[in-house]
Amino acid sequence: MGVDPWQDVLTELANLRREAEEALGYPHLDIPLQLIPEEFGDVGFPAHTYSKEVGKPPQEVAEEMVAAMPPRLYVARHEARSGYVNSFLNYPTLGERTLSSILDEANGYGKATPTGRRVIVEHSSVNPTGPIHVGRARNSIIGDTLYRLLEWSGLEVTREFLVNDVGKQVLTLVWGYENLPEEELEPVEREKEDYKLVRYYRKASKMMEDPKVAEEVGQIVRRFEEGDEELRRRVRGVCERMMRGILDTLSKLNVNFDNLFWEDQTITDGSAREVVKRLREGGRCQEEEGALYVDMEPYGITGRNTRWFITRKDGTTLYTTRDLAYHLDKFRRSDEAINVLGEDHRLEFRQLSIALKLMKVEREVESVFYAHVGLPEGRLSTRGGRVINLDDLMDEANARAYREVRERREDLSEEEMRTIAEAVGIGAIRYNIVKVQPEKKILFRWEEALSLEGQTAPFLQYSYARACGILRKSEAIDSWDPRLLENPQERSLLKLMARFPSVVKESAATRRPHQMANFAYELAKTFNLFYRDCPVLRSEEALRRVRLAVVEAFRFVLGNALKCLGIKALEEM
RNA sequence: GGACUCGUAGCCUAGCCAGGAUAGGGCACCGGCCUUCUAAGCCGGCGAUCCCGGGUUCAAAUCCCGGCGAGUCCGCCA
């Protein structure tokens with residue numbers, strides 16, 4: 001576990017450079033080593049930076065450095081070119097190292113040695129008032145991919161869902177559920193708990209315009225916050241049913257959780273009150289008509305209103321106060337706490353961080369923010385009727401994938417076709433979302449979300465299936481000669497496969513899951529070129545063996561990348 | 001009014017954090033490749049003032065400042 005061929009290459013090169021710097025009397029500048037266009041070599045760095053320090057033109061510097069850098073294990077030679085020092089890898093060595101590491105570690109290649117460090121990744125948290133829509137899916141997909149990457153990079157990760165079961169919205173649902181006869185509701189859109197229950201919420205929300213209803217719900221809210229145990233149990237019952245529907249949908253997306261945190265816990269266990277107490281005792285609170293707030297202005301928050309309320313005038317706590325209590329709880333259970341939040345929570349998150357500092361909490365919270373998903377015709381909005389349920393999107397994706405499979409594979413059984421279609425459909429949705437940088441706003445377009453060509457999940461799955469096809473028709477190999485790997489496509493592929501563990505680490509450490517998505521595409525694309533240029537089964541014995549090793553290694557690496565992305569690999573399609 | 005995020009070909013996007021070689025891809029469009037390991041693939045063509053203006057630097061899509069445009073937020077809601 002923990003093998004990282006690429007890191008070894010970089011370390012070797014950095015050492016070589018350091019030795020050259022010392023031999024030449026150059027300063028140690030630590031210029032980042034970078035992948036370079038293949039026509040120039042494999043890895044390189046600009047020598048321009050030394051120029052001023054040593055008083056020589058870049059090309060001369062590069063030439064001197066190249067002369068002072070001998071070949072070593074992974075690097076065969078160096079070349080000075082237009083002021084850059086370019087290095088060429090020793091492919092037989094890299095090939096040997098990379099292939100044997102992969103075939104040895106197999107499904108574990110790229111996985112770092114466990115550190116025991118505990119991380120909680122909170123994502124997908126919503127009000128349990130109805131089915132989740134495509135906008136929410138971005139949160140879940142980013143969060144789940146992040147979880148996978150962190151786990152692969154050696155952390156012990158808990159996936160957590162904060163159920164906002166406190167507040168007016170949920171209690172409106174409960175009021176509706178307990179007071180409205182089912183006959184008066186609109187028909188159920190889908191035979192699932194969340195769809196059944198949301199009808200009560202919709203109708204009850206509309207009825208809130210009636211002051212009498214509003215007052216009744218208000219009373220429930222107060223009773224709930226006063227700690228009415230019997231009411232709390234009823235609310236929990238409704239929420240649990242709703243959550244079954246929501247979690248079922250997410251599970252189809254391949255998103256699952258280790259823990260649900262029910263927000264009402266912060267009320268029943270007194271931790272929310274404790275937060276208020278600590279903030280008040282810290283002397284940072286002010287009061288207006290009995291409501292407590294912290295003025296955030298001295299801490300860099302600007303805007304129309306810099307007051308951040310932690311209680312209402314009746315003394316009850318607010319969402320952010322309870323969230324604060326929740327975070328303290330997370331701190332007790334972890335070494336790191338990461339949230340995945342929509343960009344509308346940015347300010348609130350800063351306020352929360354400030355509040356933690358005011359409470360003298362040493363720990364930091366961290367968040368990955370994503371821009372909301374919109375529709376070409378405007379914002380996703382329940383009230384505006386512009387909603388696309390995640391279930392509908394998944395159904396449509398699966399149906400479309402099913403048509404494609406059916407068209408090309410008459411030989412498969414119905415069940416096999418269904419299995420492939422689902423992997424393709426769900427994969428397409430996940431990949432389409434995760435491949436773009438979270439901060440970028442995206443517009444939901446059916447054609448795009450359901451596209452099965454180009455940079456999509458099916459493209460990755462297809463390359464995987466092609467590799468499997470070759471391996472199915474071959475025999476097990478015990479030895480191979482990496483010196484035979486001379487084709488440029490073979491070398492590109494080796495280089496990419498060697499980088500995989502580094503990409504896992506990088507993408508997890510910077511919390512940028514889209515980097516893994518893009519890497520997987522590059523890997524699959526390169527395999528397709530290899531597939532075109534390098535016949536495997538038809539090659540003569542020795543070449544056939546080493547190419548089979550490459551194909552098998554590729555299958556493991558892409559398979560592992562897909563696992564990080566939560567996309568199912570397919571033996572055939 | 002203030003804060004934050006985004007701005008790369010007709011459309012979408014990588015690269016930006018850690019500045020370096022002719023800015024990578026994908027979709028769409030045009031043309032080509034299935035007696036050879038699955039054509040959900042491959043090749044070629046078309047297409048970019050990297051939003052604008054300054055600055056820093058030997059070097060800026062990348063860093064800094066100022067604009068412009070789009071989005072988000074500034075509730076005793078969650």
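Here is how names work: the chains are called A, B, and so on, in the same order as the sequence lines, proteins then strands, and each is numbered from 1. Every value quoted in this text rests on a predicted model; they were computed, and no experiment measured them.
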Peer 1: Tell me whether the OP1 or OP2 atom of rG15(B) has a side-chain N or O from Q437(A) closer than 4.0 Å.
Peer 2: yes
Peer 1: Ring of F40(A) versus six-membered ring of rA21(B): centres under 5.5 Å and planes under 30°?
Peer 2: yes
Peer 1: Students often get this wrong, so: under 4.0 angstrom with heavy atoms, is R346(A) touching a base, only sugar-phosphate, or nothing?
Peer 2: sugar-phosphate
Peer 1: Considering only side-chain heavy atoms of E439(A), which listed nucleotide, rU5(B), rU38(B), rU13(B), is closest?
Peer 2: rU5(B)
Peer 1: Could you check, using the six-membered ring where one of them is a Trp, whether Y26(A) and H28(A) have ring centers closer than 6.0 angstrom?
Peer 2: no
Peer 1: Under the criterion side-chain contact (heavy atoms from CB on, under 4.5 Å), which of E410(A), E422(A), R406(A), M573(A) is the partner of M417(A)?
Peer 2: R406(A)
Peer 1: Using a heavy-atom cut-off of under 4.0 Å over every strand shown, decide if I31(A) touches base, sugar-phosphate, or nothing.
Peer 2: nothing
Peer 1: Does a side-chain N or O from K441(A) land closer than 4.0 Å to OP1 or OP2 of rG7(B), or not?
Peer 2: no
Peer 1: Between R403(A) and E407(A), does any side-chain N to carboxylate O distance fall below 4.0 Å?
Peer 2: no
Peer 1: Reckon N164(A) has a side-chain N or O less than 4.0 Å from the OP1 or OP2 of rA78(B)?
Peer 2: no
Peer 1: Within the structure, does a side-chain N or O atom of N305(A) lie under 4.0 Å from either OP1 or OP2 of rC76(B)?
Peer 2: yes
Peer 1: Would you please confirm or rule out a distance under 4.0 Å between OP1 or OP2 of rC4(B) and any side-chain N or O of R350(A)?
Peer 2: no
Peer 1: Mind checking whether Y464(A) and F554(A) have ring centres under 6.0 Å apart?
Peer 2: no
Peer 1: Using a cut-off of less than 4.0 Å, is there contact between a side-chain N or O of R472(A) and OP1 or OP2 of rU38(B)?
Peer 2: no
Peer 1: Quick one: is rA78(B) close enough that its OP1 or OP2 comes under 4.0 Å of any side-chain N or O from R322(A)?
Peer 2: yes
Peer 1: Tell me whether the OP1 or OP2 atom of rC77(B) has a side-chain N or O from R312(A) closer than 4.0 Å.
Peer 2: yes
